[in-house]
Amino acid sequence: MILAAALYLFYSAASPAACAGCHKAQAQTQPATPMGHALERVEDCDILREHPRLTFEYGRYSYSITRKGSQSIYRVTDGSSTLTFPIGWAFGLGEAGQTYVFEHDGIFYESRVSFYKAINGLDLTMGARAAEPQDLTQAAGREMIHNEVADCFGCHTTGAVRGSTVHFEDLQAGIQCENCHSQAVAHVAALKAGDAKAAAMPRLAAMTTEETSEFCGRCHRTWAQIAAGGPHGILNVRFQPYRLTNSKCYDPTDQRISCLACHDPHVDVVSNTASYDSKCQACHYQRAGARIAPVVTCPSWTCPERTGSSPTMRSAS
(Lines give C-alpha, C1' and ligand atoms only; values in the text may rest on other atoms or scores of the structure.)
Protein backbone atom coordinates (compact mmCIF):
# COMPACT_ATOMS: atom_id res chain seq x y z
CA MET A 1 0.00 0.00 0.00
CA ILE A 2 2.81 2.41 0.86
CA LEU A 3 4.57 1.61 -2.42
CA ALA A 4 1.36 2.12 -4.36
CA ALA A 5 0.84 5.51 -2.72
CA ALA A 6 4.40 6.54 -3.50
CA LEU A 7 4.00 5.53 -7.15
CA TYR A 8 0.73 7.42 -7.34
CA LEU A 9 2.32 10.62 -6.05
CA PHE A 10 5.25 10.17 -8.43
CA TYR A 11 3.14 9.70 -11.53
CA SER A 12 0.26 11.97 -10.49
CA ALA A 13 2.65 14.88 -10.80
CA ALA A 14 3.76 13.57 -14.22
CA SER A 15 7.22 14.88 -13.43
CA PRO A 16 9.92 15.16 -16.09
CA ALA A 17 11.49 12.03 -14.58
CA ALA A 18 8.28 10.11 -15.24
CA CYS A 19 8.06 11.39 -18.83
CA ALA A 20 11.75 11.16 -19.71
CA GLY A 21 11.56 7.60 -21.02
CA CYS A 22 9.82 8.80 -24.18
CA HIS A 23 10.32 12.57 -24.09
CA LYS A 24 13.99 12.78 -23.15
CA ALA A 25 14.81 16.14 -24.75
CA GLN A 26 11.87 17.95 -23.17
CA ALA A 27 12.47 16.31 -19.78
CA GLN A 28 16.08 17.49 -19.80
CA THR A 29 15.42 21.15 -20.62
CA GLN A 30 12.01 22.00 -19.16
CA PRO A 31 12.94 21.85 -15.44
CA ALA A 32 15.52 24.63 -15.95
CA THR A 33 13.09 27.04 -17.63
CA PRO A 34 11.42 29.97 -15.85
CA MET A 35 8.20 27.94 -15.95
CA GLY A 36 10.03 25.10 -14.23
CA HIS A 37 11.00 27.62 -11.54
CA ALA A 38 7.71 29.52 -11.45
CA LEU A 39 7.75 28.97 -7.71
CA GLU A 40 10.67 28.11 -5.44
CA ARG A 41 10.70 27.06 -1.85
CA VAL A 42 12.62 29.56 0.24
CA GLU A 43 15.31 27.04 1.17
CA ASP A 44 15.97 26.40 -2.54
CA CYS A 45 15.69 29.99 -3.78
CA ASP A 46 18.97 31.11 -5.39
CA ILE A 47 18.09 34.81 -5.33
CA LEU A 48 17.47 34.79 -1.59
CA ARG A 49 20.54 32.64 -0.90
CA GLU A 50 22.77 34.88 -3.03
CA HIS A 51 21.41 38.07 -1.43
CA PRO A 52 21.59 37.48 2.34
CA ARG A 53 20.32 40.98 3.06
CA LEU A 54 18.07 43.09 0.86
CA THR A 55 16.73 46.53 1.86
CA PHE A 56 14.33 49.08 0.44
CA GLU A 57 12.86 52.41 1.57
CA TYR A 58 9.52 53.79 0.47
CA GLY A 59 8.00 56.81 2.19
CA ARG A 60 7.96 56.19 5.92
CA TYR A 61 8.38 52.44 5.55
CA SER A 62 11.63 50.50 5.61
CA TYR A 63 11.85 46.95 4.28
CA SER A 64 14.43 44.22 4.63
CA ILE A 65 14.77 40.55 3.76
CA THR A 66 17.44 38.79 5.79
CA ARG A 67 18.72 35.26 5.33
CA LYS A 68 18.86 33.10 8.45
CA GLY A 69 19.94 29.55 7.72
CA SER A 70 17.43 28.08 5.27
CA GLN A 71 14.88 30.81 6.03
CA SER A 72 14.45 34.36 4.77
CA ILE A 73 12.85 36.82 7.19
CA TYR A 74 10.75 39.66 5.80
CA ARG A 75 10.67 42.80 7.96
CA VAL A 76 8.81 46.10 7.57
CA THR A 77 8.87 49.02 9.99
CA ASP A 78 7.49 52.55 10.11
CA GLY A 79 10.01 53.60 12.73
CA SER A 80 7.77 52.97 15.71
CA SER A 81 6.31 49.52 15.02
CA THR A 82 7.75 46.51 13.25
CA LEU A 83 6.35 43.37 11.65
CA THR A 84 8.43 40.33 10.76
CA PHE A 85 7.39 37.20 8.89
CA PRO A 86 9.23 34.17 7.53
CA ILE A 87 8.77 34.11 3.77
CA GLY A 88 6.89 31.04 2.65
CA TRP A 89 7.37 30.93 -1.11
CA ALA A 90 9.17 32.83 -3.88
CA PHE A 91 7.18 33.40 -7.08
CA GLY A 92 9.10 34.07 -10.30
CA LEU A 93 12.76 34.44 -11.13
CA GLY A 94 13.14 38.23 -11.08
CA GLU A 95 12.91 39.19 -14.76
CA ALA A 96 9.45 40.64 -14.14
CA GLY A 97 9.97 40.51 -10.39
CA GLN A 98 10.34 37.77 -7.81
CA THR A 99 7.49 38.28 -5.37
CA TYR A 100 7.15 36.65 -1.99
CA VAL A 101 4.13 35.13 -0.26
CA PHE A 102 3.91 34.81 3.50
CA GLU A 103 1.22 33.68 5.91
CA HIS A 104 0.03 35.62 8.97
CA ASP A 105 -2.81 34.51 11.25
CA GLY A 106 -4.05 32.06 8.62
CA ILE A 107 -4.15 34.70 5.87
CA PHE A 108 -1.83 34.72 2.85
CA TYR A 109 -0.20 37.96 1.74
CA GLU A 110 1.68 39.02 -1.38
CA SER A 111 4.75 41.03 -0.39
CA ARG A 112 4.61 44.74 -1.20
CA VAL A 113 8.19 44.61 -2.44
CA SER A 114 9.76 42.30 -5.03
CA PHE A 115 13.25 41.51 -6.24
CA TYR A 116 14.15 42.68 -9.77
CA LYS A 117 17.21 41.40 -11.58
CA ALA A 118 17.49 44.61 -13.61
CA ILE A 119 18.37 46.57 -10.46
CA ASN A 120 19.68 43.62 -8.46
CA GLY A 121 17.51 44.63 -5.56
CA LEU A 122 14.07 45.36 -4.19
CA ASP A 123 11.40 47.72 -5.45
CA LEU A 124 7.62 47.90 -5.20
CA THR A 125 5.72 44.89 -6.51
CA MET A 126 3.88 45.53 -9.78
CA GLY A 127 0.58 47.18 -8.94
CA ALA A 128 1.57 48.11 -5.39
CA ARG A 129 2.16 51.79 -6.19
CA ALA A 130 -1.52 52.31 -7.01
CA ALA A 131 -2.69 51.78 -3.43
CA GLU A 132 -1.11 53.56 -0.48
CA PRO A 133 -1.02 51.38 2.67
CA GLN A 134 -3.30 52.43 5.50
CA ASP A 135 -1.41 50.56 8.20
CA LEU A 136 1.72 48.49 8.77
CA THR A 137 0.08 45.22 7.73
CA GLN A 138 -0.95 46.71 4.37
CA ALA A 139 2.56 48.12 4.03
CA ALA A 140 3.91 44.59 4.43
CA GLY A 141 1.71 43.07 1.76
CA ARG A 142 -1.60 42.68 -0.01
CA GLU A 143 -4.10 40.23 1.45
CA MET A 144 -4.91 37.42 -0.96
CA ILE A 145 -8.48 36.15 -1.08
CA HIS A 146 -9.16 32.40 -1.01
CA ASN A 147 -9.68 31.87 -4.76
CA GLU A 148 -6.64 33.98 -5.56
CA VAL A 149 -4.46 31.76 -3.38
CA ALA A 150 -5.61 28.70 -5.34
CA ASP A 151 -5.14 30.48 -8.68
CA CYS A 152 -1.61 31.63 -7.83
CA PHE A 153 -0.41 28.30 -6.51
CA GLY A 154 -2.23 26.46 -9.29
CA CYS A 155 -0.30 28.38 -11.95
CA HIS A 156 3.08 28.26 -10.20
CA THR A 157 3.16 24.74 -8.76
CA THR A 158 2.20 21.20 -9.63
CA GLY A 159 -0.10 18.74 -7.91
CA ALA A 160 -1.26 20.89 -5.01
CA VAL A 161 -4.52 22.49 -6.14
CA ARG A 162 -7.73 20.50 -6.27
CA GLY A 163 -10.83 22.55 -6.82
CA SER A 164 -10.29 25.78 -4.91
CA THR A 165 -8.14 24.25 -2.17
CA VAL A 166 -4.35 24.18 -2.00
CA HIS A 167 -2.98 20.95 -0.52
CA PHE A 168 0.46 22.12 0.53
CA GLU A 169 1.49 18.62 1.53
CA ASP A 170 1.34 17.63 -2.17
CA LEU A 171 2.92 20.81 -3.54
CA GLN A 172 5.74 20.39 -6.04
CA ALA A 173 7.49 23.63 -6.87
CA GLY A 174 7.30 24.96 -10.41
CA ILE A 175 5.41 24.00 -13.56
CA GLN A 176 5.83 20.35 -14.48
CA CYS A 177 4.45 18.27 -17.31
CA GLU A 178 0.95 17.73 -15.98
CA ASN A 179 0.15 21.41 -15.63
CA CYS A 180 -0.23 21.65 -19.40
CA HIS A 181 -0.63 17.97 -20.29
CA SER A 182 -3.49 17.32 -17.91
CA GLN A 183 -4.01 13.72 -19.07
CA ALA A 184 -0.39 12.76 -18.45
CA VAL A 185 -1.22 10.50 -15.49
CA ALA A 186 -3.67 8.40 -17.51
CA HIS A 187 -1.26 8.49 -20.45
CA VAL A 188 1.60 7.02 -18.40
CA ALA A 189 -0.66 4.41 -16.82
CA ALA A 190 -2.04 3.34 -20.21
CA LEU A 191 1.44 3.03 -21.68
CA LYS A 192 2.56 0.87 -18.78
CA ALA A 193 -0.52 -1.30 -19.38
CA GLY A 194 0.19 -1.53 -23.11
CA ASP A 195 -3.06 0.21 -24.06
CA ALA A 196 -2.08 2.49 -26.95
CA LYS A 197 -5.64 3.67 -27.56
CA ALA A 198 -6.15 4.81 -23.97
CA ALA A 199 -2.71 6.45 -24.02
CA ALA A 200 -3.74 8.91 -26.75
CA MET A 201 -3.52 12.55 -25.65
CA PRO A 202 -4.65 15.83 -27.21
CA ARG A 203 -1.93 17.29 -29.43
CA LEU A 204 -1.50 20.80 -28.12
CA ALA A 205 0.54 21.88 -31.14
CA ALA A 206 -2.52 21.28 -33.32
CA MET A 207 -4.58 23.95 -31.55
CA THR A 208 -5.58 27.05 -33.49
CA THR A 209 -3.98 30.38 -32.64
CA GLU A 210 -7.06 31.44 -30.70
CA GLU A 211 -7.23 28.13 -28.85
CA THR A 212 -3.55 28.44 -27.94
CA SER A 213 -4.07 31.96 -26.57
CA GLU A 214 -6.99 30.76 -24.48
CA PHE A 215 -5.02 27.71 -23.30
CA CYS A 216 -1.92 29.68 -22.29
CA GLY A 217 -4.21 32.40 -20.93
CA ARG A 218 -5.39 30.09 -18.17
CA CYS A 219 -2.31 31.33 -16.32
CA HIS A 220 -0.95 34.12 -18.53
CA ARG A 221 -4.42 35.75 -18.65
CA THR A 222 -6.67 35.83 -21.68
CA TRP A 223 -7.45 38.88 -23.81
CA ALA A 224 -10.99 38.96 -22.38
CA GLN A 225 -9.77 38.91 -18.77
CA ILE A 226 -7.42 41.86 -19.20
CA ALA A 227 -9.76 43.83 -21.47
CA ALA A 228 -12.57 43.54 -18.93
CA GLY A 229 -10.70 43.77 -15.65
CA GLY A 230 -7.22 45.11 -16.36
CA PRO A 231 -4.57 45.89 -15.47
CA HIS A 232 -3.94 48.29 -18.35
CA GLY A 233 -0.79 50.03 -19.51
CA ILE A 234 2.64 48.75 -18.58
CA LEU A 235 1.28 46.57 -15.76
CA ASN A 236 -0.11 44.04 -18.24
CA VAL A 237 3.30 43.46 -19.81
CA ARG A 238 3.36 40.04 -18.11
CA PHE A 239 0.15 38.91 -19.80
CA GLN A 240 1.37 37.81 -23.20
CA PRO A 241 -1.88 36.50 -24.78
CA TYR A 242 -3.51 39.91 -24.29
CA ARG A 243 -0.58 41.81 -25.77
CA LEU A 244 -0.16 39.36 -28.63
CA THR A 245 -3.85 39.62 -29.51
CA ASN A 246 -3.59 43.42 -29.56
CA SER A 247 -0.55 43.40 -31.83
CA LYS A 248 -0.88 44.41 -35.49
CA CYS A 249 0.35 40.96 -36.52
CA TYR A 250 -2.33 38.95 -34.76
CA ASP A 251 -4.61 36.73 -36.83
CA PRO A 252 -6.68 34.16 -34.89
CA THR A 253 -6.70 31.83 -37.89
CA ASP A 254 -2.94 31.92 -38.60
CA GLN A 255 -0.77 29.58 -36.50
CA ARG A 256 2.33 31.51 -37.52
CA ILE A 257 1.42 34.14 -34.94
CA SER A 258 0.41 31.89 -32.04
CA CYS A 259 2.25 31.72 -28.72
CA LEU A 260 4.04 28.57 -29.90
CA ALA A 261 5.33 30.22 -33.07
CA CYS A 262 8.11 31.93 -31.12
CA HIS A 263 8.04 30.22 -27.75
CA ASP A 264 8.79 26.58 -27.03
CA PRO A 265 7.63 26.10 -23.42
CA HIS A 266 10.07 23.21 -22.97
CA VAL A 267 13.15 25.42 -23.35
CA ASP A 268 14.26 28.77 -21.97
CA VAL A 269 13.12 31.95 -23.71
CA VAL A 270 15.67 33.03 -26.33
CA SER A 271 17.09 36.43 -25.35
CA ASN A 272 18.74 37.26 -28.69
CA THR A 273 16.12 39.26 -30.58
CA ALA A 274 17.84 38.56 -33.92
CA SER A 275 16.87 34.92 -33.57
CA TYR A 276 13.24 35.92 -34.05
CA ASP A 277 13.83 37.32 -37.54
CA SER A 278 13.06 33.98 -39.18
CA LYS A 279 9.78 33.85 -37.26
CA CYS A 280 8.82 37.29 -38.52
CA GLN A 281 9.84 36.38 -42.07
CA ALA A 282 7.45 33.42 -42.06
CA CYS A 283 4.87 36.11 -42.86
CA HIS A 284 6.95 39.16 -43.82
CA TYR A 285 8.99 37.67 -46.61
CA GLN A 286 10.49 39.29 -49.70
CA ARG A 287 8.59 38.65 -52.90
CA ALA A 288 10.43 38.45 -56.20
CA GLY A 289 11.26 41.97 -57.40
CA ALA A 290 9.73 43.56 -54.30
CA ARG A 291 11.61 45.73 -51.88
CA ILE A 292 11.10 45.37 -48.14
CA ALA A 293 12.60 47.11 -45.15
CA PRO A 294 16.02 45.75 -44.17
CA VAL A 295 15.81 43.26 -41.36
CA VAL A 296 17.51 44.61 -38.26
CA THR A 297 16.18 42.40 -35.48
CA CYS A 298 12.50 42.52 -36.39
CA PRO A 299 11.22 42.64 -32.81
CA SER A 300 13.26 45.80 -32.11
CA TRP A 301 11.26 47.82 -34.61
CA THR A 302 7.91 46.06 -34.65
CA CYS A 303 7.43 45.76 -30.87
CA PRO A 304 9.26 48.71 -29.28
CA GLU A 305 7.41 49.13 -26.00
CA ARG A 306 9.13 46.43 -23.92
CA THR A 307 12.84 46.04 -23.39
CA GLY A 308 12.65 42.44 -22.25
CA SER A 309 13.60 39.39 -24.25
CA SER A 310 10.28 38.10 -25.57
CA PRO A 311 8.79 39.94 -28.57
CA THR A 312 5.29 38.78 -27.65
CA MET A 313 5.64 40.64 -24.36
CA ARG A 314 6.59 43.78 -26.26
CA SER A 315 3.45 44.06 -28.38
CA ALA A 316 1.21 47.09 -28.19
CA SER A 317 -0.48 47.58 -24.82
Side-chain angles (χ1 to χ4, degrees), residues 26 29-30 33-36 38 92-97 116-118 126-127 155 175 179-181 202-317:
Q26 292 87 345
T29 58
Q30 191 278 335
T33 65
M35 287 177 66
L93 284 178
E95 296 295 347
Y116 296 92
K117 284 186 177 180
M126 281 190 175
C155 284
I175 300 301
N179 284 65
C180 296
H181 303 282
R203 186 168 177 265
L204 301 186
M207 293 190 297
T208 67
T209 294
E210 193 76 354
E211 289 170 340
T212 301
S213 289
E214 291 294 314
F215 183 86
C216 298
R218 296 178 308 166
C219 287
H220 294 281
R221 309 287 177 88
T222 64
W223 181 90
Q225 285 176 305
I226 301 302
H232 299 292
I234 192 64
L235 291 180
N236 64 40
V237 74
R238 298 174 294 162
F239 307 132
Q240 300 91 335
Y242 172 79
R243 290 208 157 209
L244 180 61
T245 301
N246 276 1
S247 71
K248 293 179 180 179
C249 293
Y250 189 73
D251 181 343
T253 65
D254 191 339
Q255 286 186 315
R256 294 174 298 178
I257 194 60
S258 78
C259 302
L260 298 178
C262 294
H263 172 50
D264 180 349
H266 302 104
V267 299
D268 206 350
V269 175
V270 177
S271 59
N272 178 12
T273 54
S275 67
Y276 293 99
D277 286 351
S278 62
K279 308 295 185 181
C280 298
Q281 290 170 342
C283 297
H284 303 281
Y285 57 89
Q286 184 171 1
R287 295 181 179 87
R291 184 173 180 176
I292 61 171
V295 175
V296 183
T297 60
C298 300
S300 67
W301 53 268
T302 57
C303 308
E305 294 191 20
R306 165 99 161 119
T307 57
S309 59
S310 172
T312 59
M313 293 180 69
R314 291 164 26 198
S315 302
S317 61

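Computed from a prediction, not measured in an experiment: that's the story for all the values here. The chain is numbered in sequence order, starting from 1.
- With values rounded to the nearest 0.5 angstrom, L204 atom CG is found 8.0 Å from L260 atom CG.
- By the side chain to side chain contact (heavy atoms under 4.5 Å, CB included) test, A118 pairs with no residue at all, sequence neighbours left out.
- Residues L93 and K117 come closest through the heavy atom pair O-CE, 2.8 Å.
- Smallest separation of non-hydrogen atoms from V270 and Y276: O-OH, 2.9 Å.
- For C219, the disulfide (SG to SG under 2.5 Å) criterion is met by C155, not counting sequence neighbours.
- Contact between Y242 and T222 at its shortest, heavy atoms only, is CB-O, 4.4 Å.
- Put simply, the side chain of M126 reaches to within 4.5 Å of the side chain of V237, judged on heavy atoms.
- Considering only residues two or more places apart in sequence or on other chains, D268 meets the side chain to side chain contact (heavy atoms under 4.5 Å, CB included) condition with P34.
- H266 and Q26 make their closest contact through CG-CG, 3.6 Å (heavy atoms, listed as atom of the first residue, atom of the second, distance).
- Expressed to the nearest 0.5 Å, how far CD of E214 lies from CE of M207 amounts to 10.5 Å.
- Between I257 and T209 there is a side-chain heavy-atom pair separated by less than 4.5 Å.
- Smallest separation of non-hydrogen atoms from C259 and T212: CB-CG2, 3.9 Å.
- Among residues two or more places apart in sequence or in another chain, the side chain to side chain contact (heavy atoms under 4.5 Å, CB included) test is passed with A38 by H156, I175.
- A distance-only check finds no donor-acceptor pair linking the side chain of Q240 to the backbone of S213 [under 3.5 Å].
- In this structure, the side-chain hydrogen bond (donor to acceptor under 3.5 Å, both in side chains) partners of Y250, at least two apart in sequence or on a different chain, are E210.
- For D254, the salt bridge (Lys or Arg N to Asp or Glu O under 4.0 Å) partners two or more places apart in sequence, or in a different chain, are R256.
- Once rounded to the nearest 0.5 Å, the distance linking CG of N179 with CE of M35 reads 7.5 Å.
- At least one cation-pi condition fails for R243 and F239: the charged atom is not both under 6.0 angstrom from the six-membered ring centre and inside a 45 degree cone around its axis.
- Listed here is the closest heavy atom pair of P265 and Q30: O-CG, 4.1 Å.
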